[in-house]
Amino acid sequence: MDKQNDQSRMDKIVSLAKRRGFIFQSSEIYGGLNGFWDYGPLGVALKRNVKDAWWRDMVSGHDELATLAGAPSPYEMTGLDCTIIMHPQVWKCSGHFDLFHDWMIDCRESKRRYRYDHLHGRWAAHRGKKVFVTTDQSGDEAVPDTVAKAQKFFGLRAKQVDEIEWGGGLESLQAVVAAGVASLADALGPDAAAPGSLTEPREFNLMFETRIGALAGDDDDRAFLRPETAQGIFVNFKNVLDTSRVSVPFGIAQVGKSFRNEITPRNFTFRSREFEQMEIEFFCKPADSAEWYRYWRDRRWKWYLDLGLTAGKLQLREHASDELSHYSVGTADIEYAFPFLAPGEFGELEGIAHRGDFDLRSHMEGKLVRKNGELVVETGPDGKPRHRGSGKDLSYFDDVSRERYVPHVIEPSAGADRGTLAFLCDAYHEDEVPDADGKPRSRTVMKFHPRLAPVKAAILPLVKKDGMPEVAIDLYRALKPHMACQYDEKGAVGRRYARQDEAGTPWCLTIDGQTLADKTVTLRDRDSLVQSRVPVAEVVDLLRDKLA
Ligand code: ATP
């Protein structure tokens with residue numbers, strides 16, 4: 001599928017998401033707020049199902065007596081729900097206060113702001129005039145964008161475009177400026193008419209700041225909205241150990257909101273400023289940590305496949321050593337080929353990181369830095385820790401090996417919104433179905449895995465008379481305690497099927513004349529379109545089995 005078609009596919013998904021109440025722009029009646037999204041009636045159910053599937057598969061349904069495939073041993077799983085605002089020292093010791101930033105660049109002319117690492121460009125020359133044309137587009141759109149901008153800048157007609165001399169392909173603006181090949185004064189900003197309007201890049205911390213208390217004013221009142229849920233788990237490590245009977249190896253899971261003041265939120269919900277994460281911090285013996293890392297990487301990869309994401313659109317990417325964070329021993333990303341990306345490009349759904357003992361040590365000793373290959377407490381000019389830790393002992397005494405150690409951590413960190421977006425994009429299909437007269441009719445169908453589908457079954461009386469609604473309502477009431485289902489008696493049955501297909505409902509149950517005679521209903525399968533007769537009395541068990 002070429003980029004053009006894929007972009008139009010994305011446009012259709014965004015429009016269906018709005019039309020059918022999956023996702024709306026936040027505060028839309030006031031013009032919306034960039035980077036913030038609301039989930040509508042179908043969307044909230046979809047996202048909740050994603051989070052519930054994760055919690056059930058990773059935590060509540062976990063068998064702690066079994067050795068799962070690929071795991072070095074049995075292990076325990078437990079959960080937490082921590083606050084969004086935490087003690088500011090948490091972020092100082094974790095490194096977010098000093099390091100969680102992107103470089104941004106402003107355009108004095110257009111007043112637009114860009115992420116420095118998102119800008120690319122190339123030299124263009126025409127009749128002695130030369131300029132470094134930049135774009136903030138990515139993938140296949142970037143080169144045509146630079147051509148259009150150069151044409152405008154040189155004041156050329158379309159047929160004169162070939163007269164432009166190009167000095168090579170697209171390169172990162174950041175890289176060419178660092179190498180001295182171009183300067184910001186030469187650069188034509190992505191939305192500017194003349195070069196030289198881009199400001200020097202500035203660091204921008206992505207944490208949202210707030211103030212605590214009515215008399216807030218001085219620096220001590222500064223607090224931050226968490227940019228990840230993980231730190232709440234680390235600072236409660238001892239509480240969990242002391243109050244539950246878990247022993248290493250074990251994991252603590254948390255689902256909750258995180259906030260990042262992204263410079264350029266984009267691609268629908270993919271890069272939002274407020275989003276939800278589903279994170280596990282898995283604590284293990286240092287000697288076993290490489291094996292646990294591989295276990296979690298493979299387990300999490302399989303989870304997406306089991307919930308129906310197309311294997312060919314998923315990619316597991318191990319980070320190269322120069323890409324690893326300063327504390328990480330190994331990291332892999334699970335990525336998905338979102339339709340808004342150029343062919344061959346993938347976007348991160350989840351990162352699985354081996355974090356060693358970095359986090360627990362940071363919260364004990366203070367912010368750590370790597371020096372000569374060792375993690376040591378970073379000191380200020382006075383020789384004291386730059387950011388002092390809690391001083392609490394977060395080591396663990398292992399009853400089996402009779403040793404004391406600081407556990408190593410494996411962190412599978414997933415985005416609930418990005419996961420939901422991937423399931424939404426993957427589910428989108430267009431095909432043809434025969435209408436009531438047997439003529440082919442095109443349909444849009446969301447092929448969600450039944451566990452994720454917002455509505456599992458629709459109960460449809462063929463007509464609003466002859467006792468059909470009564471049987472249908474009884475069936476609705478019998479099913480409702482077991483799964484999300486809808487009763488719909490409005491309109492032609494073909495239209496009602498179409499509505500359910502767009503909502504991604506896997507099964508429709510139609511009550512017709514035959515039902516009254518032999519107490520069977522038609523069960524229509526969303527994907528195969530096969531219609532079969534099922535005794536009314538067996539519907540609940542049958543659908544429960546299908547969902548199990
Ligand atoms: P990216 O490089 O795409 O910004 P990241 O590597 O900073 O992501 P992590 O810090 O590893 O992301 O966060 C873990 C997960 O949280 C990501 O895999 C993603 O699913 C989700 N996530 C992170 N930032 C955002 C965001 N701005 N909007 C939506 N989800 C996000």
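Everything numeric here is computed off the predicted structure, so don't read it as measured data. Atoms within a ligand are numbered from 1 in the order they appear, just like the ligands themselves.
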Open item on the list: Would the distance check show the side chain of Trp37 and the main-chain N or O of Ser26 forming a donor-acceptor pair, the cut-off being under 3.5 Å?
Closed with: no
Open item on the list: For Glu276, is there any backbone N or O sitting under 3.5 Å from a side-chain donor or acceptor partner on Lys47?
Closed with: no
Task: Pair Asp52, Asn49: side-chain N/O donor-acceptor within cut-off below 3.5 Å - done: no
Task: The single option from Phe282, Trp55, Tyr75 passing ring-ring contact (aromatic ring centres under 6.0 Å, His included) against His62 - done: Tyr75
Task: Protein contact to atom 29 (C) of ligand 1 [nearest heavy atom, distance to 0.1 Å] - done: Phe270 O, 3.1 Å
Open item on the list: Just to confirm my output: which protein heavy-atom neighbour is closest to atom 21 (C) of ligand 1, and how far is it?
Closed with: Gly415 CA, 3.8 Å
- [ ] May I ask you to check whether over 12 heavy atoms, not counting those of Arg271, lie within 6.0 Å of atom CZ?
- [x] yes
Task: Any N/O pair Asp417/ligand 1 closer than 3.5 Å - done: no
Task: For atom 19 (C) of ligand 1, closest protein heavy-atom neighbour - done: Arg418 NH1, 3.5 Å
TODO: Could you check atom 22 (N) of ligand 1 against the protein and tell me its nearest heavy-atom contact, residue, atom and distance included?
DONE: Phe275 CE1, 3.5 Å
Open item on the list: Considering non-hydrogen atoms of the protein only, which is the closest contact for atom 7 (O) of ligand 1, and what is the distance?
Closed with: Arg260 NH1, 3.0 Å
Open item on the list: Out of all atoms in ligand 1, which are within 4.0 Å of some heavy atom of Glu262? Include the element for each.
Closed with: 26 (C), 27 (N)
TODO: Assess the pair Tyr396 and Phe283: is the distance between their ring centroids shorter than 6.0 Å?
DONE: no
Open item on the list: Using modelled atom types and a 3.5 Å cut-off, is there a donor and acceptor pairing between side-chain atoms of Gln254 and backbone atoms of Cys82?
Closed with: yes
- [ ] For atom 2 (O) of ligand 1, state which one of Glu348, Glu228, Glu411 supplies the nearest heavy atom.
- [x] Glu348
Task: Passing candidate, side-chain hydrogen bond (donor to acceptor under 3.5 Å, both in side chains) with Asp106, options Lys111, Arg202, Arg112 - done: Arg202
Task: ligand 1 contacted by Leu349 (non-hydrogen, < 4.0 Å) - done: yes
Open item on the list: Just to confirm my output: which protein heavy-atom neighbour is closest to atom 28 (N) of ligand 1, and how far is it?
Closed with: Ser272 N, 3.0 Å
- [ ] Spell out, as yes or no, whether a donor-acceptor pair under 3.5 Å connects the side chain of Arg418 to the backbone of Tyr336.
- [x] no
Task: Contact partition for Gln277 relative to ligand 1, non-hydrogen atoms under 4.0 Å - done: side chain
TODO: Distance to 0.1 Å, residue and atom name: give those for the protein heavy atom nearest to atom 14 (C) of ligand 1.
DONE: Ser413 OG, 3.0 Å
Task: Nearest protein heavy atom with distance in Å, relative to atom 4 (O) of ligand 1 - done: Arg271 NH1, 2.8 Å
